[in-house]
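Below is one structure; the comments refer to it alone.
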There are 2 protein chains.
Amino acid sequence: MASQAVPGAEPRTPLSRERVLRAAISVADSGGIESLTMRRLAEHLGAEAMSLYYHVANKEDVLDGVVDVIATEINEVVDRIDVPAEGADWKKAVRQRILSAREVLLRHAWAPGVFETRTNTSLAVLRYYDALLGLMRAGGFSNDLAHHALHALGSRALGFTQELFDPNSGAGATDQAADLAEMAGQFPNLVGMLAEIAHDDPDSTLGWCDDQSEFEFGLDLILDGLDRIRERA
Amino acid sequence: MASQAVPGAEPRTPLSRERVLRAAISVADSGGIESLTMRRLAEHLGAEAMSLYYHVANKEDVLDGVVDVIATEINEVVDRIDVPAEGADWKKAVRQRILSAREVLLRHAWAPGVFETRTNTSLAVLRYYDALLGLMRAGGFSNDLAHHALHALGSRALGFTQELFDPNSGAGATDQAADLAEMAGQFPNLVGMLAEIAHDDPDSTLGWCDDQSEFEFGLDLILDGLDRIRERA
DNA sequence: ACCTGAACACCGTTCAAGT
DNA sequence: ACCTGAACACCGTTCAAGT
């Protein structure tokens, strides 16, 4: 009962901003972003919700911090890449960085949504963009073209695209067929496309999926377009 | 006090799913999406929060419905467009539809974020995509290329891109200069670019803005890339 | 058929108080 | 310096009850 040396009680490492943010990521990793509440986060750390406020300003601050930690992780991975970026090689270098960033985000599938809601900019994200910009400059981009390029890439620069809809979500393969038949009248082009895609690639999950190859298709479309403009200049 | 014919009381039009959804849009339009709560929505309609549940299943259902109403509005605008889409004209037709969709969304700046959180697909959104697909098919796209194209466009197909960061947010023009100087060491490429962009275009808000011209640059980059693939096939 | 009052289980956050 | 208990103002949602 005394305040010190309770026998058998673990000494419990003290809280810190760092520990709070890492715990937040682990809570979201295992239960999704909607499971991340201040109370649950505290519980995860063996503390009371109110204790968190000594180390972070509020929940927004937690989310800002989480983005910064993940962006730092991306920078660590991406800083190890060492490929030439001069001239025409800019594209390979940028492409590899972006795909590496994507790999980190694939381990935190909830993170893209949080990235998009931030209004305060993470310094780590700025550092990521700065390096990307450096590669483009080395490849001969003007500042103006590099500026357009960042806008054109958007979230793809960080390795993700938000899916806008998924005709397959929540429906099993058998419901699927019925749904398609029912919708054929209303959405002839969509149904026709999905039928053919499925036919061409029977191994993939039916039709719609934001997989690696779709991401790379879109990415290369943009990078190739930028490269063409670069060469013309 | 009696239940009928209270003198001077407006007869109050009854609630309906339609009215609830329209009110939800107007609440979000005027106070932002975070101001949209079931209680406030009810208040806006002169009813109690609990009454809403007779007309909608829950808040998710409200958000699904709101997306459907806005997508319906987009379809109404876009259906009035009548330009040829055969062969090489596909691009002009698709471009015009997408820019028209964007105009609708610009009137509901909070809507893109809601679109992205939906997992249930709105039928109106499906109808929009189906029409877009139809234009591409008329332009000579294979189903496979059209499928890639929709993925590559992502949310751009509906007229928006989510900004990932905004170095200017929350800082006035004077703070701005100080911030830039301070960051110059850490982010040389970013600072150099922003300085030059600002110099080249002194009329625009300093540096970073997702304006119409940036949207169109990215859109055309993708459409041009798709057109090249189409011509090769 | 349509609406509501009371109530429940959750939030984020504050503040004064403990060690 | 660090943590917490009690409390507040807010959520979304249920259910039995009113007209």
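Letters A, B, ... mirror the listed sequences (proteins, then strands); counts begin at 1. Every heavy atom of this structure was used, including side-chain atoms; hydrogens, water molecules and symmetry mates were not.
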Of the options [options], whose atoms approach the side-chain atoms of [X] most closely?
{"X": "A47(A)", "options": "dG5(C), dT4(D), dC3(D)", "answer": "dT4(D)"}
{"X": "M50(B)", "options": "dC3(C), dC3(D), dC15(D)", "answer": "dC15(D)"}
{"X": "A49(A)", "options": "dT4(D), dT13(C), dC3(C)", "answer": "dT13(C)"}

Report all interatomic pairs (protein N or O, nucleotide N or O of nucleotides 9-12 of chain D) with separations under 3.5 Å.
residue: dG12(D); atom: OP1; partner: M38(B); partner atom: N; Å: 3.3
residue: dG12(D); atom: OP1; partner: K59(B); partner atom: NZ; Å: 3.0
residue: dG12(D); atom: OP2; partner: M38(B); partner atom: N; Å: 3.0
residue: dG12(D); atom: N7; partner: R39(B); partner atom: NH1; Å: 2.4
residue: dG12(D); atom: O6; partner: R39(B); partner atom: NH2; Å: 3.1

| message | Filter on salt bridge (charged side-chain N to carboxylate O under 4.0 Å, His left out), then keep only pairs touching residues 23-37 of chain B, sequence neighbours left out; what's left? | response |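 Sorted result for residues 23-37 of chain B: empty, none.
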| request: Quick one: which residue pairs count as a salt bridge (charged side-chain N to carboxylate O under 4.0 Å, His left out) with a foot in residues 122-135 of chain B, not counting sequence neighbours? | output: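 Passing the test, one end in residues 122-135 of chain B: D79(B)-R127(B).
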| field | Any residue meeting side-chain contact (heavy atoms from CB on, under 4.5 Å) with S35(A), in chain and number order, not counting sequence neighbours | value |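 Result, side-chain contact (heavy atoms from CB on, under 4.5 Å) vs S35(A): V27(A), R40(A).
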| said: Testing D68(B), D61(B), D64(B) one by one against R17(B) for a salt bridge (charged side-chain N to carboxylate O under 4.0 Å, His left out), which residue passes? | reply: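 Result for salt bridge (charged side-chain N to carboxylate O under 4.0 Å, His left out) with R17(B): D61(B).
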| query | Below 4.5 Å, heavy atoms only, C-beta onward: do E60(A) and R118(A) meet side chain to side chain? | reply |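 A side-chain contact exists here, since the closest heavy-atom pair is under 4.5 Å.
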| query | Once Watson-Crick and G-U wobble pairs under 3.5 Å are found, how is DNA chain C written in dot-bracket notation, 5' to 3', with | for any base paired to another strand? | reply | ||.|||||...|||||.||
| request: Using the test ring-ring contact (aromatic ring centres under 6.0 Å, His included), find all partners of F217(B) that sit at least two apart in sequence or belong to another chain. | output: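 H148(A).
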| Chi angles and distances behind the salt bridge (charged side-chain N to carboxylate O under 4.0 Å, His left out) call for E103(B), R107(B) | CA-CA 7 Å; E103(B) 278 176 38; R107(B) 296 201 291 270; 5.6 Å; no
